[in-house]
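Working notes, structure below.
Nothing here was measured: the structure is a model prediction, and the numbers come from that model. Letters go in sequence order (proteins before strands), and every chain restarts at 1.
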There are 2 protein chains.
Amino acid sequence: MPQSSNPIAATFAPHDHQECAHRALDEAAARLAEQGARLTPVRRRTLEILLESHRALGAYEVLDRLAAEGFGRQPPVAYRALEFLVSHGMVHRLQRLNAFTACLHPGDDHHPAFLICRSCDKVAEAAGVPIRDSLTEIAGRGGFQVERATIEAVGLCATCAAGGAE
Amino acid sequence: MPQSSNPIAATFAPHDHQECAHRALDEAAARLAEQGARLTPVRRRTLEILLESHRALGAYEVLDRLAAEGFGRQPPVAYRALEFLVSHGMVHRLQRLNAFTACLHPGDDHHPAFLICRSCDKVAEAAGVPIRDSLTEIAGRGGFQVERATIEAVGLCATCAAGGAE
DNA sequence: GCACCAAAAGTTATCTTATCACATTCGGGT
DNA sequence: ACCCGAATGTGATAAGATAACTTTTGGTGC
Ligand SMILES: [Zn+2]
Ligand SMILES: [Zn+2]
Ligand SMILES: [Zn+2]
Ligand SMILES: [Zn+2]
């Protein structure tokens, strides 16, 4: 993730994104190698496409890009690559958007909360643990065992709030 | 909501659902009247269908029911009724399921967290405020202003955990 | 009652998102 | 070279959602 005190602010603020994306890709490659999972060309390219920005892309946006680069042009091409990356923790799916975003720190807390800026469309990952704890506690009092949680917020990032459409 | 100490447990446990549904419908009708909004036949029937169980139904499931009862059989019929009910707080949309569930206490905390049982498919509403507070706090430290939040958990309810598939 | 208007309901068509089923290719192990 | 399972490619189709337009309904002013 970008270099800054706060990873959320860092995601939305201008930053050396080349470095940011490159780092996430390297880390993903390393983790997949560890797990003995194959980062094939389509899969690698899919991850690179998602890493080009901090936005979330729909499966068909990804597919168009892949098709234009010589990969297959049928939906399963994109969906399979995305599913592979999601199941290995390299990409997250955003339920509110029906879209996918690259994980910036695969391996860490893999159950983040997502902050989606309605102005610039960027997505940041926030620490999900405290929020999940709160949810687990409330659910637990009703006898409900939480297994997976979706936590997604829509709002305005600091950069956009500052008027920053530049 | 069902009569019990804990509203979450009460939703999943067997209860006098007639009473439960009837109450929610009356309350919805009263609130809509207050607001000067019209609870037309399709809208009313849509709400009744959702209130038949604590499950979430897809728009097309609702549509099939409506069509079978003499209402229109085109998707907008269901989507419009559902959108009306959602925008007036009588129904909630579950992002994870692409489905809709009736609100059991319209007017209260209208930003609940949802607990979805993977075994019985029932959905309960939990107090969303403490969880949202936690989310707002974490986001705020990164300069992000939360406007709307989606909080949905999948897991196992107490009744199902107790082996209760009866 | 009647003309009028806006809201609601109906209908056709289309768009977006996602999955199925099956054929082909690729890559490692023998 | 042969085998086998994983990965990829393709055509078809399912599932979810909306756009655009017409008709009906229900209330308002006359
Ligand atoms: Zn970056
Ligand atoms: Zn922004
Ligand atoms: Zn009930
Ligand atoms: Zn259950």
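- Using a 4.0 Å cut-off between a side-chain N of Lys or Arg and a carboxylate O of Asp or Glu, A/Arg65 and A/Glu69 qualify as a salt bridge.
- Residues passing the side chain to side chain contact (heavy atoms under 4.5 Å, CB included) test with B/Phe84 are B/Leu32, B/Ala37, B/Arg43, B/His88, sequence neighbours excluded.
- Taking the ring centroids of A/His54 and A/His15, they lie under the 6.0 Å cut-off.
- Rounding to the nearest 0.5 angstrom, the gap separating the OG1 atom in A/Thr46 from the CG atom in A/Leu63 is 9.5 Å.
- Under the 4.0 Å criterion applied to side-chain N and carboxylate O atoms, B/Arg45 and B/Glu48 are assigned as salt-bridge partners.
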> What string of B, S and - do you get for nucleotides 18-25 of chain C 5' to 3' if you count protein non-hydrogen atoms under 4.0 Å?
Replying inline: BBB-----

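- Of all the heavy atoms in B/Val123 and B/Phe12, the pair that sits closest is N-CE2, 4.3 Å.
- If you measure from atom CZ of A/Arg96 to atom P of C/dT17, you get 16 Å, rounded to the nearest angstrom.
- In this view, A/Phe100 satisfies the ring pair (Phe, Tyr, Trp, His ring centres under 6.0 Å) rule with no residue, not counting sequence neighbours.
- Taking atom CG on A/Leu94 and atom P on C/dT17, their separation rounds to 13 Å, with Å as the unit.
- One finds no salt bridge joining A/Glu27 and A/Arg23 here, because no Lys/Arg side-chain nitrogen approaches an Asp/Glu carboxylate oxygen to under 4.0 Å.
- Heavy-atom contacts of chain B under 4.0 Å fall on DNA chain D between two terminal nucleotides, which in 5' to 3' order are D/dG16 to D/dG26.
- Of the residues in residues 29-51 of chain B, those lying under 4.0 Å from DNA chain D by heavy-atom distance are B/Arg38.
- The neighbour count for B/Gln18 CD, taken as heavy atoms of other residues, nucleotides or ligands under 6.0 Å away, does not exceed 12.
- Rounding to whole angstrom units, CG of residue B/Leu63 and P of C/dT11 are separated by 11 Å.
- For the side chain to side chain donor-acceptor pair (under 3.5 Å) test, residues two or more places apart in sequence or in another chain that qualify with A/Glu137 are A/Arg141.
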